[in-house]
There are 2 protein chains.
Amino acid sequence: MLRLSKLTDYAVVVLVRLSEESGIQTSGGIAASTGVPEPTVAKVLKIMTSAGLVASQRGARGGYRLARPLATIPVAEVIIAIDGPIALTACVEHSTSVCDTSSLCPVKGRWDAVNTAILDALSTISLADMRPTAFFPLPAHHLPEKRDAVPTTASALTTAFLE
Amino acid sequence: MLRLSKLTDYAVVVLVRLSEESGIQTSGGIAASTGVPEPTVAKVLKIMTSAGLVASQRGARGGYRLARPLATIPVAEVIIAIDGPIALTACVEHSTSVCDTSSLCPVKGRWDAVNTAILDALSTISLADMRPTAFFPLPAHHLPEKRDAVPTTASALTTAFLE
DNA sequence: CCATTCAGGACCGCGCCAGTCCTGTTTTCG
DNA sequence: CGAAAACAGGACTGGCGCGGTCCTGAATGG
């Protein structure tokens, strides 16, 4: 699958939405404007808060706001905040789970290179790169450069893999 | 989680093991030499066969052998063979599932860049790069070059993310 | 003092992967 | 020619984890 959790997808939606308003926003308001169910938005925002990506204000007239500019938040950070450290398999270093056949595992330690490569790719792309230009056409500052930072060299092989 | 299925992990083990013997090998033999349960090995090999990564010989004295050299098999191909096309979210192009809120989804189409970056990374690393050098020290042909192809530039940021 | 809003859990159902098994087909060997 | 060896291709099930909801408590503002 190599699929990330749905909550991560929601998190990106919510964070992007947060960036589109200067003031503070309630979880209910974000739910309304994004279409994501309110309890889910609340859950996402709580996680984002404890991860330090957004700042929260309790009490009446409270709400959430971004702790940092969108462009300084790599996708990797969002994924890690929700799903925990990126570890493709149990054999990867820093993994929480244990490899039961670690002593004779033939690929022991070899997934690390793969893991690092993926992490590197995810650290290159910021949330600002994922903002849809069509909906909110703003003076494109970072989008063009960052987009070029995404490797597009494997196009031929890549598209073949994508079926 | 961004975790790939256990079967994929097994597949790498099995394929590497296949490469370490010139002749044909039975699924039972591979199970014995790798420690992976035999039914699971059989399942993996059947998938690998239909994906064209290994060739099979039926009947008595039958078995499996690699269809191509290990160095020409990118990790991405193994992952795709087992888990299907790589699609991080439902919103990614070529994804099989449908995005229910596609029309007003704020990040519509934006995961594509992320997906492509990951796919590119996975296409760069071949199974030969994952062979443990400690166990079978052979004249290193492709290992050094390929290993350098794996981006190691994000080390500082990367290790920070890894918990 | 009350309404509002976040904090931090507990909780449950559903889907999906992992692992097994069974039946059929192909091939080799005695 | 028959029996054993080995792959082919499913069906089947159990467990685990995520998605989604809800509840109680704490903080804040009017």
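As the structure is a computational prediction, the values presented were derived from the model and not from experiment.
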task = Mark yes or no for whether A/T116, through its side chain, and A/D112, through its backbone, hold a donor-acceptor pair below 3.5 Å.
result = yes

With a 4.0 Å cutoff (strictly under), does any side-chain N or O of [X] reach OP1 or OP2 of [N]?
X     : N      : answer
A/T40 : D/dT21 : yes
A/S27 : C/dC6  : yes
A/S56 : C/dA7  : yes

Please give, in whole Å, the distance from [N] [atom2] to [X] [atom1]?
X     : N      : atom1 : atom2 : result
B/I24 : D/dA5  : CD1   : C1'   : 12 Å
B/K43 : D/dA11 : NZ    : P     : 12 Å
B/I82 : C/dG19 : CD1   : P     : 12 Å
B/K6  : D/dG17 : NZ    : C1'   : 13 Å
B/D83 : C/dC17 : CG    : C1'   : 10 Å
A/R65 : C/dT5  : CZ    : P     : 17 Å

key: Exercise: identify the closest heavy-atom pair between A/D120 and A/T124   =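 That closest heavy-atom pairing would be O-OG1, 2.8 Å.
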
Under 4.0 Å protein heavy-atom contact, by nucleotide of nucleotides 22-30 of chain C - B base, S sugar-phosphate only = --BBBBS--

Hey, does [X] reach any base, or is it just sugar-phosphate, or nothing, if we go heavy atoms under 4.0 Å?
X     : answer
B/S50 : nothing
B/L7  : sugar-phosphate
A/G28 : nothing

Quick one: which of [options] gets closest to the side chain of [X]?
X     : options               : answer
A/P37 : D/dT21, C/dT20, C/dA7 : D/dT21
A/Y64 : C/dA7, D/dC18, D/dG20 : C/dA7
B/P39 : D/dT21, D/dC7, C/dT20 : C/dT20

key: Charged N-O contact under 4.0 Å between A/K43 and A/E38   =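 No.
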
key: Contacts of B/R61 that satisfy side-chain hydrogen bond (donor to acceptor under 3.5 Å, both in side chains) - sequence neighbours left out   = none

request  = To the nearest 0.5 angstrom, please state how far the OG1 atom of A/T8 sits from the CD1 atom of A/I82.
outcome  = 4.0 Å

inquiry  = Using 0.5 Å steps for rounding, measure from the OG1 atom of B/T40 to the CD1 atom of B/I30.
reply    = 13.0 Å

With sequence neighbours excluded, residues passing side chain to side chain contact (heavy atoms under 4.5 Å, CB included) with A/Q57 =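 Listed in chain order: A/I24.
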
note = Of A/E38 and B/E38, the one whose closest nucleotide on DNA chain C sits nearer the 5' end is A/E38

